[in-house]
Amino acid sequence: MIPRRVAIGLAVACFLLLLGLAVTAPEHLAMPDLSKVYLGFADAPPFGTDQRGRPLLEYAQQGASVILGPALLAGAAVGFMGIVGGLLRCVGSARVDTGVQAFSEIVGSLPRMVVILVVALLIPAGSRGLLPLALAWSVLASPGAMDEAASVAERLGGARFVEALRAHGFSWSRVFLYHITWLNLRPVVARQGAETAMQVTFLEIALSYLAAQENQSSFTHADDVKSWANLLEIGYPSLVLPGVHTSHALITGLALVALVTLMTVMTTSAARAR
């Protein structure tokens with residue numbers, strides 16, 4: 001078990017690194033320099049160059065700028081819906097429980113990737129971006145968070161738990177915000193939110209990689225912006241073709257994905273129940 005302080009420190013460090021990449025992202029890539037084509041880590045630090053001699057650092061920066069904001073908003077939305085689901089279970093209303101269950105069953109039964117593709121196709125070409133897709137993903141992911149949070153609230157005793165604390169003189173805000181949300185729902189909310197942010201990251205990479213393979217415009221960003229998927233696209237030939245020295249791009253792309261995964265795992269560990 002990772003100590004809580006270590007987990008918090010690692011999660012914050014990962015986030016700050018991603019934030020630093022995002023806020024320093026250039027609007028456009030540097031001009032090509034054919035004398036620096038496919039340079040490795042040592043020859044063109046920190047990440048090497050692409051097939052036109054442009055630094056892969058700019059790919060990492062632009063990719064982070066594409067992903068970070070929408071992923072955080074999607075994670076926050078799922079976390080909020082988890083809190084709502086847990087608190088509604090403590091209300092003790094059969095009608096509320098029925099409404100929540102109906103919402104969960106309807107939304108939870110929808111095929112996520114089909115819905116995401118439909119949303120992507122409905123967005124005008126000039127307004128495409130990751131944010132609408134991330135918010136749609138958060139809506140589709142919210143039933144799971146609400147159900148899990150409701151189960152935690154049910155194990156506490158639901159409305160009976162609230163009545164017991166109120167009988168001891170605690171205010172409504174202290175009961176719902178501190179005892180239920182902070183002390184009991186926090187691990188579920190943090191894990192569901194962090195996992196949703198990671199899923200949005202993988203979603204963006206998958207959609208951008210498919211678009212790059214088909215030489216089509218991406219659903220998640222403008223044509224003049226690069227994604228982490230472009231790093232994987234540049235680096236993949238080094239695995240299957242002899243004499244192609246682009247493994248530095250593949251390693252960079254996988255390292256960025258691993259960074260997001262590490263941040264998710266550390267966030268979950270930091271927010272675990274005491």
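Residue numbers start at 1 and run along the sequence shown. Just so it is clear, the values below take in all heavy atoms, side chains as well, and ignore hydrogens, waters and symmetry mates.
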Enumerate donor-acceptor pairs with a distance under 3.5 Å from any side-chain N or O in residues 164-173 to protein atoms, sequence neighbours excluded.
unit_1 : atom_1 : unit_2 : atom_2 : d
Arg166 : NH1    : Phe170 : O      : 2.8
His168 : ND1    : Ala164 : O      : 2.8
Ser171 : OG     : Ser173 : OG     : 3.2
Ser171 : OG     : Arg174 : N      : 3.2

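- Residues passing the side-chain contact (heavy atoms from CB on, under 4.5 Å) test with Ala149 are Leu185, Val188, sequence neighbours excluded.
- Using a 4.0 Å cut-off between charged side-chain N and carboxylate O, Arg54 and Glu58 make no salt bridge.
- Legend: side-chain hydrogen bond (donor to acceptor under 3.5 Å, both in side chains) pairs involving residues 16-27, not counting sequence neighbours, sorted by first then second residue: Thr24-Gln61.
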Before you tell me yes or no, could you show the steps for Ile123 and Phe219 under side chain to side chain contact (heavy atoms under 4.5 Å, CB included), namely the whole-Å CA-CA distance, both residues' side-chain angles and the distance that decides it to 0.1 Å? CA-CA 9 Å; Ile123 300 174; Phe219 290 118; over 6 Å; no
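- At least one side-chain heavy atom of Glu204 sits under 4.5 Å from a side-chain heavy atom of Ser227.
- Looking only at side-chain heavy atoms (C-beta outward), Phe41 and Ile251 come within less than 4.5 Å of each other.
- Annotation: side chain of Leu232 is in contact with side chain of Leu254 (closest heavy-atom distance under 4.5 Å).
- In the model, Ser208 has a side-chain atom that pairs as donor or acceptor with a side-chain atom of Thr220 under 3.5 Å.
- Between the side chain of Ser142 and the backbone N or O of Val139, at least one donor-acceptor pair lies under 3.5 Å.
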Using the side chain to side chain contact (heavy atoms under 4.5 Å, CB included) rule, take Leu10 and Met263 through it: C-alpha gap first, then chi angles, then the decisive distance, then the call. CA-CA 7 Å; Leu10 289 174; Met263 183 176 68; over 6 Å; no
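- Rounding to the nearest 0.5 Å places CG of Leu256 at 5.0 Å from CH2 of Trp228.
- Note: Thr268 OG1 to Glu195 CD = 5.5 Å, rounded to the nearest 0.5 Å.
- Heavy-atom minimum distance, Ala141 versus Thr196: CB-OG1, 4.2 Å.
- Within the 4.5 Å cutoff, the side chain of Leu231 has no heavy atoms near those of the Leu250 side chain.
- Note: Gln51 CD to Leu34 CG = 10.5 Å, rounded to the nearest 0.5 Å.
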Determine whether Tyr38 and Asp50 satisfy the following criterion, side-chain hydrogen bond (donor to acceptor under 3.5 Å, both in side chains), listing intermediate values before the conclusion. CA-CA 5 Å; Tyr38 287 145; Asp50 66 359; over 6 Å; no
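- Distance alone, capped at 3.5 Å, is enough to place a donor-acceptor pair between the Ser138 side chain and the Leu135 backbone.
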Show, in sequence, the C-alpha distance, side-chain angles and deciding distance for Trp182 and Leu177, and conclude whether the side chain to side chain contact (heavy atoms under 4.5 Å, CB included) test is met. CA-CA 6 Å; Trp182 180 251; Leu177 297 181; over 6 Å; no
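- Listed for the Arg52 side chain is no donor-acceptor partner under 3.5 Å among the backbone atoms of Pro32.
- In the hydrophobic cluster analysis, where Ile, Leu, Val, Met, Phe, Trp and Tyr join through side-chain heavy atoms closer than 4.5 angstrom, Leu110 is grouped together with Met81.
- In this structure the side chain of Leu207 never reaches within 4.5 angstrom of the side chain of Ser218, judged on heavy atoms.
- In this structure, CG on Leu68 lies 9.5 Å from CG on Leu21, to the nearest 0.5 angstrom.
- Interatomic distance, Asn230 CG to Ile205 CD1, rounded to the nearest 0.5 Å: 10.5 Å.
- The environment of CZ in Phe103 is crowded: more than 12 heavy-atom neighbours from other residues, nucleotides or ligands sit within 6.0 Å.
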Step-by-step side chain to side chain contact (heavy atoms under 4.5 Å, CB included) determination, Val107 to Leu140: CA-CA 6 Å; Val107 177; Leu140 297 172; 4.2 Å; yes
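- At a threshold of 4.5 Å between side-chain heavy atoms, the hydrophobic network of Ile, Leu, Val, Met, Phe, Trp and Tyr places Leu57 and Met31 in two separate groups.
- Judged as a side-chain hydrogen bond (donor to acceptor under 3.5 Å, both in side chains), not a single pair has a partner in residues 244-264 (not counting sequence neighbours).
- The hydrophobic cluster containing Ile67 does not contain Met266, counting ILVMFWY residues as joined when their side-chain heavy atoms lie under 4.5 angstrom apart, directly or transitively.
- Annotation: side-chain contact (heavy atoms from CB on, under 4.5 Å) contacts of Leu241 (sequence neighbours excluded): Pro237, Val244.
- Taking hydrophobic clusters as Ile, Leu, Val, Met, Phe, Trp and Tyr residues chained together by side-chain heavy-atom distances below 4.5 Å, Val96 shares a cluster with Phe80.
- Of all heavy-atom pairs spanning Trp137 and Leu203, the tightest one is CE3-CD2, 4.1 Å.
- Under the 4.5 Å side-chain contact rule for hydrophobic residues, Leu117 and Leu210 do not share a cluster.
- Judged by distance alone, with hydrogens and angles left aside, the side-chain atoms of Arg89 form no donor-acceptor pair with the main-chain N or O of Gly86 at under 3.5 Å.
- Proximity of Phe202 to Val260: side-chain heavy atoms (C-beta onward) are nowhere separated by under 4.5 Å.
- A pairwise comparison of heavy atoms in Thr49 and Val37 identifies OG1-C, 3.8 Å as the closest pair.
- Nearest heavy-atom pair across Gly82 and Val189 is C-CG2, 4.4 Å.
- In this structure, Arg272 CZ and Arg4 CZ are separated by 5.0 Å, a value rounded to the nearest 0.5 Å.
- The nearest pair of heavy atoms linking Val200 to Ala74 is CG2-CB, 3.8 Å.
- Pairs passing the side-chain hydrogen bond (donor to acceptor under 3.5 Å, both in side chains) check and including a residue from residues 97-112, sequence neighbours excluded, read Gln101-Glu105, Ser104-Asp147.
- What you find for Leu262 and Cys14 is that their closest heavy atoms are CD2-SG, 3.7 Å.
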